[in-house]
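Here is the structure we will look at, set down as structure tokens.
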2 protein chains.
Amino acid sequence: MAVTIRDVAKEAGVSISTVSRALSSPNKVADATREAVESVVVRLGYRPNKNARGLITGRSGTIGLIIPDLENPYFGAVSKGVQERARAAGYSVYIGDFDEDPSIESTVVRSLAKQVDGIIMCSPRSTDVELGRLTSLVPTVLANRKFADVPSIVFDNGGMLRVLRHLTALGHTTIAYAGGPEQSWSHRHRSEAFQEFGEAHGTTELIELGSFPPNFGGGVQAADLALASGATAVVAYNDLIALGLLDRLRERGVSVPEQISIVGFDNVAVSTFVRPNLTTIDQPRKHMGRMAADLLLSILDADDAESTHIPRQLPVDLVVRQSTGEAPLSRRATGTTTAS
Amino acid sequence: MAVTIRDVAKEAGVSISTVSRALSSPNKVADATREAVESVVVRLGYRPNKNARGLITGRSGTIGLIIPDLENPYFGAVSKGVQERARAAGYSVYIGDFDEDPSIESTVVRSLAKQVDGIIMCSPRSTDVELGRLTSLVPTVLANRKFADVPSIVFDNGGMLRVLRHLTALGHTTIAYAGGPEQSWSHRHRSEAFQEFGEAHGTTELIELGSFPPNFGGGVQAADLALASGATAVVAYNDLIALGLLDRLRERGVSVPEQISIVGFDNVAVSTFVRPNLTTIDQPRKHMGRMAADLLLSILDADDAESTHIPRQLPVDLVVRQSTGEAPLSRRATGTTTAS
DNA sequence: CCTGATTATGCAAACCTTTTCATTCTGGGT
DNA sequence: ACCCAGAATGAAAAGGTTTGCATAATCAGG
């Protein structure tokens with residue numbers, strides 16, 4: 001049988017109340033007894049029973065992390081950050097993968113809600129109304145999405161702007177955007193920034209190619225549309241789409257970046273494995289996980305809602321590599337003829 | 001306040017014992033009452049308090065998953081499989097990322113051991129002696145490693161054999177192996193298989209290039225050694241190394257597969273994103289996660305150790321793509337001269 | 001119609017900890 | 001020398017559930 005607080009109390013010659021206090025509120029007990037208790041604790045190898053503690057305090061020392069897909073390194077990085085900070089603060093983390101399925105997301109959140117102190121929802125796919133219900137169940141922090149006044153961590157929305165400035169500086173005047181899933185908050189966000197830039201810079205022609213699955217295949221689809229659009233640069237919703245673009249363009253005999261420039265988002269590891277290396281927006285994903293965890297824990301520990309001191313917005317970085325270059329002189333140099 | 005078993009009992013007009021039995025051992029209660037209780041349960045939205053249950057049963061309904069690196073999609077896939085099965089069986093899963101650091105691995109296992117029913121250790125990096133200590137703390141299942149009589153799931157060791165047969169069928173007679181980390185159990189395993197094949201097929205010359213970091217950079221390192229070795233085919237410890245090989249070979253003007261064939265292990269998603277596509281061994285990683293979870297749960301539920309009926313070994317598959325081809329006629333056709 | 005076996009249900013203890021309240025002890029101020 | 005404030009400690013309740021034991025109800029066999 002495991003060693004309980006009783007064993008420690010008996011061994012140390014004090015009451016169980018004293019042992020409990022010595023461990024959880026050390027200042028309420030005399031130094032001498034505290035030290036005596038502590039030495040017995042280590043000698044016997046006593047570990048408080050989390051269930052018994054949780055039963056009475058109502059706290060579990062656990063947080064839940066809800067993510068769309070563990071297999072996606074993007075979310076793996078976020079999870080790693082969350083996990084790292086939670087462990088440092090003495091919390092354990094339950095993980096809930098919902099396989100990109102909003103209904104599973106609901107189920108998982110509801111089943112976890114009762115057994116954790118708080119939840120981090122990363123890139124939630126639920127509708128606003130469902131999200132409202134879910135976030136009312138238990139203290140929640142959102143990552144990659146803003147909703148009402150639920151605390152959240154998002155990436156700086158300046159990424160798209162930087163990309164477009166980079167491309168116009170290279171002389172591109174016709175730029176296409178290969179978007180991600182309609183229901184993605186990030187996609188909508190980027191699309192807006194894309195449009196806004198167009199309104200502010202009338203000289204640049206901006207073309208939305210539509211929505212594509214956020215994977216390699218989506219990029220392959222988008223490539224032919226991009227080519228037909230006459231754009232000399234294509235911004236992809238994420239690196240995977242950009243990779244698909246790259247591959248299909250090569251297949252069609254279009255050279256990157258000489259004829260078309262390509263930019264991705266995320267800076268996944270593989271963007272340096274391909275040729276040309278991908279110019280992309282680096283999002284500090286692990287750091288997002290860390291901050292989400294910090295924010296949640298500060299909310300849990302503080303009784304008042306004074307946790308606004310933590311910055312909610314993370315800066316992103318443009319990483320220029322080989323896939324972007326000067327705009328070609330002839331705007332439609334993509335065909336079979338080499339001279340105009 | 002949350003709704004407790006008392007509320008349900010009162011509402012249903014039965015005792016709390018009956019409610020408890022209706023939920024946890026339905027066959028011990030009359031059908032009519034069980035149904036009545038169930039309807040009240042859903043109406044009130046009652047969820048048993050896991051702490052209270054755990055306190056008395058000594059079971060937490062939780063398993064721990066210990067993995068080297070969440071950010072690595074290989075382990076993400078395993079985690080996904082574990083998570084999927086655990087959730088289906090009503091278990092939650094704690095995740096513990098130890099950042100490839102054996103000492104953190106120990107710490108995490110020890111801290112988790114007291115609060116979970118069992119643990120799955122995926123690709124443990126600890127030494128045998130430490131692993132012995134850790135696995136004695138709590139029911140454990142090992143993935144990707146065999147140790148003493150601890151239940152484990154590993155991949156079929158026939159992968160290397162298939163690769164070598166594939167390559168010899170293509171006419172390769174000088175084959176190199178770019179290995180992974182020394183302490184990796186998989187690496188040692190593959191290296192052995194590589195050697196054995198050589199002893200059985202005296203006509204083939206097999207060259208071990210050494211150990212490399214299991215990432216892109218490791219492959220870049222290995223490339224020059226491979227070239228110098230005169231091998232016409234290189235088997236890499238994993239796909240990342242293979243990708244590094246591919247990139248460096250292109251840089252040095254060596255064409256794949258015309259001059260050198262490359263094979264990886266793992267079939268990570270990116271192996272289809274590069275040109276030439278990578279020939280590789282597909283390891284059903286998510287399935288490994290599922291089976292590890294099933295095995296652990298069956299051990300936890302069965303009082304006797306009769307869980308040997310679950311297969312412990314997963315078949316792997318050779319996926320032939322573009323990076324392997326016929327051996328060049330001239331064994332050293334890697335130079336600048338095109339004719340011998 | 002009665003008896004004994006079987007099934008269904010209720011009562012109460014037990015799980016281990018935290019925390020309120022009461023008690024004892026210490027020491028400083030008068 | 002006395003009293004009182006404050007600190008240190010102990011006793012006991014509470015938290016929600018499971019489960020062994022006892023009781024009540026049902027039913028088949030005689």
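Treat the numbers as computed from the prediction; the structure is a model and nothing was measured. In what follows, chains carry the letters A, B, and so on, assigned in the order in which the sequence lines appear, proteins first and then strands, with residues in each chain numbered from 1.
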Which nucleotide in the list C:dG10, C:dT17, D:dG16 gets nearest to the side chain of B:Asn49?
D:dG16
Identify, between A:Lys28 and A:Ile16, the residue whose nearest nucleotide on DNA chain D lies closer to the 5' end.
A:Lys28
Could you check if a side-chain atom of B:Asp7 sits within less than 4.5 angstrom of a side-chain atom of B:Tyr46, using non-hydrogen atoms only?
no
Inspect the contact between B:Arg145 and B:Asp128 and indicate whether a charged nitrogen and a carboxylate oxygen are less than 4.0 angstrom apart.
yes
Would you say a side-chain N or O of B:Thr18 is under 4.0 Å from OP1 or OP2 of C:dA8?
no
Lys/Arg-Asp/Glu bridge criterion (N-O < 4.0 Å) met for A:Arg59, A:Asp301
yes
Quick one: are A:Lys80 and B:Asp99 in side-chain contact, heavy atoms under 4.5 Å?
yes
Between the two ends of the helix from C:dC1-D:dG30 to C:dT30-D:dA1, what is the bend in degrees, rounded to 10 degrees, where each end axis spans five pairs?
40°
If you check every side-chain atom of A:Ser15, which of C:dT19, D:dA11, D:dG16 has the closest atom?
D:dA11
Respond yes when some side-chain nitrogen or oxygen of A:Ser20 is under 4.0 Å from OP1 or OP2 of C:dT18, and no when none is.
yes
Rounded to the nearest 0.5 angstrom, the CD1-CD1 distance for A:Ile120 and A:Ile67 is 11.0 Å
On DNA chain D, does the nearest nucleotide to B:Ala52 precede the nearest nucleotide to A:Gly13 from the 5' side, or the other way round? Give the residue.
A:Gly13
Interatomic distance, B:Asn51 CG vs D:dT18 P [rounded to whole Å]:
13 Å
Please tell me if the side chains of B:Asp97 and A:Glu84 come closer than 4.5 Å, counting only heavy atoms from C-beta onward.
no
Nearest whole angstrom, please: distance from the P of D:dG16 to the CZ of A:Arg53.
18 Å
Do other residues, nucleotides or ligands put more than 12 heavy atoms under 6.0 Å from A:Asn27 CG?
yes
Quick one: does A:Ser17 reach the base of D:dA11 with a side-chain donor-acceptor pair under 3.5 Å?
yes
What about B:Arg21: does its side chain form a donor-acceptor pair under 3.5 Å with the base of C:dG10?
yes
So, does A:Ser184 use its side chain to make a donor-acceptor pair with the main chain of A:His187 at under 3.5 Å?
yes
Output the rounded distance in Å from CZ (B:Arg34) to P (C:dT7).
17 Å
Between C:dA8 (P) and B:Glu35 (CD): distance, integer Å:
14 Å
Rounding to a whole Å, what distance do you find between A:Leu23:CG and C:dT17:C1'?
11 Å
What's the CG-P distance between A:Leu55 and C:dT19, to the nearest Å?
12 Å
How many Å lie between CD1 on B:Ile56 and C1' on D:dA14, as a whole number?
15 Å
OP1 or OP2 of D:dT9 less than 4.0 angstrom from a side-chain nitrogen or oxygen of A:Thr33, does that happen here?
yes
Once you round it to whole Å, what is the distance between P of C:dT17 and NZ of B:Lys50?
21 Å
Could you pick out which residue, A:Ser25 or B:Asp31, lies toward the 5' side of DNA chain C when each is mapped onto its nearest nucleotide?
B:Asp31
